[in-house]
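In what follows, residues are counted from 1 in the order of the sequence shown.
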Amino acid sequence: MDINVLVMIGYFVLMIAISYAFKKMASGSSSHYFRGGGRMLWWMVGATAFMIQFSAWTFTGAAGQAYRYGFNVVSVFAGNVFGYLLAWWWFAARFRQLRVDTATEAINHRFGKGNEQFFTWMIIPLSILSAGVWLNSLAVFASAVFQHDITLTLWVTGIVVLVISLLSGAWGVVASDFVQTLVVAIISIACAVVALFKVGGPVKLVTEFPSGFITGPDVGPHYISLLVACFLFFFIKNVQSINNLQDSYRFLNAKDSFNAKKAALFALVLMLVGTIIWFIPPWAVAILYPDAATAHPELGKNATDAVYLIFAERAMPMGTVGLLMAGLFAATMSSMDCALNRNSGIFVRSFWTPIVNRNSERSDKYQLRVGQIACVVNGVLVILVAQYMHTMQTVSLFDLMMKVGTLMQAPIVVPLFLGVFIRKTPDWAAWVTVLFGLCVSYVVANLFTAPDVARLLGITLTKRELLDVAIMWNIFAHLVFTGGFFCLTTLFYREKASARNTQRQKFFTDMDTPVYADHEQDEFDRLQRDKIGRISMYMGAGLLLMVLVPNPLWGRILFLLCALSILLFGWILHRSAEKGIKAAQAEKALKRNVATSQR
């Protein structure tokens, strides 16, 4: 059997083991299933916050953009770094302090029940659409690796992701995200080191990039200014996309306010380091393998999105392609299972319970079953959406992701971002702003487009520059017009003594009141360290077996170093959990002795 297939089988076994390991912890209550009961440690929450921003699209669409145009792709991810910086400084702790299980419950407390229903049916379809983009990106890679029809690949990979995401709810999702972060880190660092060695160092990587490392091809005299503007506008976009009520679920899992802040800081560090490391191999491919754009013609227009695969095939030791595919599955599962878990929680808490069951008393087991059924339906819809997106051969994966992010998400994000600190707005401000924002999206996409902006400014732009301007124009329009519309609704705010006003005031009071872990948290801490430590050691042992693959000495040493680093990390976690257990046992024994002596 092919070594890459064996690696993939080992990876799937590991993911299933994670889900079963945390299945019991998720069965305690529906809150544990939907958000881990708010009991998770900062490094688990930070890893999942990081992986939510990371998907197979990073290894495909974004990598293809890096291969074609050089440095400018960094602007998309540099904005994430700034977004997590602000999350660490202000947002993360306050989101944890909302004391809810789902994002739509927080929207209810801030804007009322009507907005809860409105955003429920905006968030769920949009997340299905985004997950479809991620799954499509994965299928592009998988079909090229395993030489199968892409439609079959979509269904097989989609069903695998769905099954794994069903087993243990938020605990399984977050735990697998942490282990998947290790997988992605191994792939990224190993490929980056080899790429720099083969190119001849970072200086040659920049100077020998074929089309100009900073600007890339097809640019005019205005492009440096446009590049600076791209960085600025992606900062604005990603600050809002990370720090809004819809995405507050990233930090609802944390055990307390302090762990939420540390989680945001951990995500920031991961994103800061990863932003450069991820794109070194695609940049190197542009120098080392000029034929990369035609190496996988079966992918059609998206052939350049397989540059990571080309690097793994030609530059890395045997077995790396399997690890790369494991990293791609890791990235997709982390994004898709979070979407499925979040959607199932939103469906149960914000639609099924209040609308269908009319808030009648139901058991946690009943809510879990409804949530699992919703998860299955969401998963099937994601696969169908991804299959449709594959037919859109005229749109590259990078452009497709940008269109989904800027045209459709921005109208939802703006009021849910501004509403966190602009307090005196009428409840209708949220849903009306979204409708206004959708009109803005239509105008900037169809009526007053990027060429019109260029004519207004009196500049001539290339086709590529117009694509960049289109993205910036959309971000600018939503910032000024959609955001300005929400701010203007404060003119219609009237302070009234009512139950609704009391609920709104409680929302802001909770948001400003720290959450502290209770006395039961120590046991959850030990369980997390012990389970993740053991699973990491199993993964390290599996990776150690790759030393036996018939590779050159340097390839075996590379796998050995990767395996030892994972084994050491897992051992440290496991030992810390054992020390915690011994300390707890000693404390219990001391209490028993004191109680006995007092009798």
Side-chain angles (χ1 to χ4, degrees), residues 49-50 52-54 57-58 62 65 71-92 94-95 126 130 222-248 250 264 267-268 271-272 275 398-399 401-422 425 429-430 433-434 436-445 448-450 453-454 456-457 465-489:
F50 162 74
I52 290 169
Q53 292 297 111
F54 193 94
W57 173 82
T58 307
Q65 187 80 350
F71 184 73
N72 81 327
V73 71
V74 172
S75 63
V76 179
F77 294 86
N80 290 330
V81 175
F82 194 65
Y84 283 122
L85 177 64
L86 290 184
W88 166 75
W89 173 63
W90 199 83
F91 288 95
R94 285 170 173 80
F95 285 155
L126 185 57
S130 297
H222 307 287
Y223 191 71
I224 295 298
S225 299
L226 288 177
L227 185 62
V228 173
C230 270
F231 273 83
L232 175 62
F233 280 105
F234 275 115
F235 280 178
I236 296 169
K237 173 185 176 294
N238 289 351
V239 164
Q240 294 183 72
S241 65
I242 291 172
N243 302 300
N244 65 85
L245 290 180
Q246 171 187 290
D247 292 280
S248 61
R250 301 168 192 264
L268 183 156
M271 190 64 70
L272 181 64
T275 295
F398 183 86
D399 293 338
M401 191 66 177
M402 290 298 99
K403 287 179 183 294
V404 171
T406 55
L407 290 176
M408 303 193 68
Q409 289 179 339
I412 297 176
V413 164
V414 168
L416 298 184
F417 170 74
L418 296 176
V420 173
F421 44 85
I422 298 178
T425 60
T433 299
V434 172
F436 181 83
L438 290 173
C439 294
V440 171
S441 288
Y442 178 81
V443 169
V444 300
F448 196 84
T449 61
V453 174
L456 181 66
L457 297 175
E465 289 172 334
L466 284 173
L467 291 175
D468 291 339
V469 169
I471 295 171
M472 289 188 287
W473 169 226
N474 188 278
I475 296 171
F476 175 82
H478 284 296
L479 176 68
V480 174
F481 300 117
T482 309
F485 180 88
F486 182 83
C487 293
L488 287 175
T489 63

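- Heavy atoms only, all atoms of each residue included: V469 and A450 are closest at CG1-CB, 3.9 Å.
- Ring planes of F71 and F231: parallel class, angle under 30° (limits at 30 and 60°).
- The backbone N or O of G83 sits less than 3.5 Å from a side-chain atom of N243, completing a donor-acceptor pair.
- Of the inter-residue distances, the one linking L479 atom CG with K237 atom NZ reads 13.0 Å to the nearest 0.5 angstrom.
- Counting only heavy atoms from C-beta outward, the side chains of V440 and F485 never approach each other to under 4.5 Å.
- In this structure, W473 places its CH2 atom where more than 12 heavy-atom neighbours from other residues, nucleotides or ligands lie under 6.0 Å away.
- Side-chain contact between M472 and L232 is absent, with no heavy atoms from C-beta onward closer than 4.5 Å.
- F421 approaches F417 most closely through the heavy-atom pair CE2-O, 3.5 Å.
- A donor-acceptor contact shorter than 3.5 Å links the side chain of N244 to the backbone of S241.
- Here the side chains of F234 and F82 are not in contact, with every heavy-atom distance at 4.5 Å or above.
- L245 CG to L418 CG: the interatomic distance, rounded to the nearest 0.5 Å, is 10.5 Å.
- To the nearest 0.5 Å, atom CZ of residue F235 and atom CG of residue N80 are 10.0 Å apart.
- To the nearest 0.5 angstrom, F233 atom CZ is 12.0 Å from D468 atom CG.
- Two residues are said to be in side-chain contact when any heavy atoms from C-beta on lie closer than 4.5 Å; F95 and V420 meet this criterion.
- Once rounded to the nearest 0.5 Å, the distance linking OG1 of T482 with CD1 of I412 reads 12.0 Å.
- Between R250 and Y84 the shortest side-chain heavy-atom distance falls below 4.5 Å.
- Atom CD of residue Q409 and atom NE2 of residue H478 lie 11.0 Å apart, to the nearest 0.5 angstrom.
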Take I242 and F91 through the side chain to side chain contact (heavy atoms under 4.5 Å, CB included) test and state the conclusion after the steps.
CA-CA 9 Å; I242 291 172; F91 288 95; over 6 Å; no

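- Across every non-hydrogen atom of A430 and P415, the tightest pair is O-CG, 3.9 Å.
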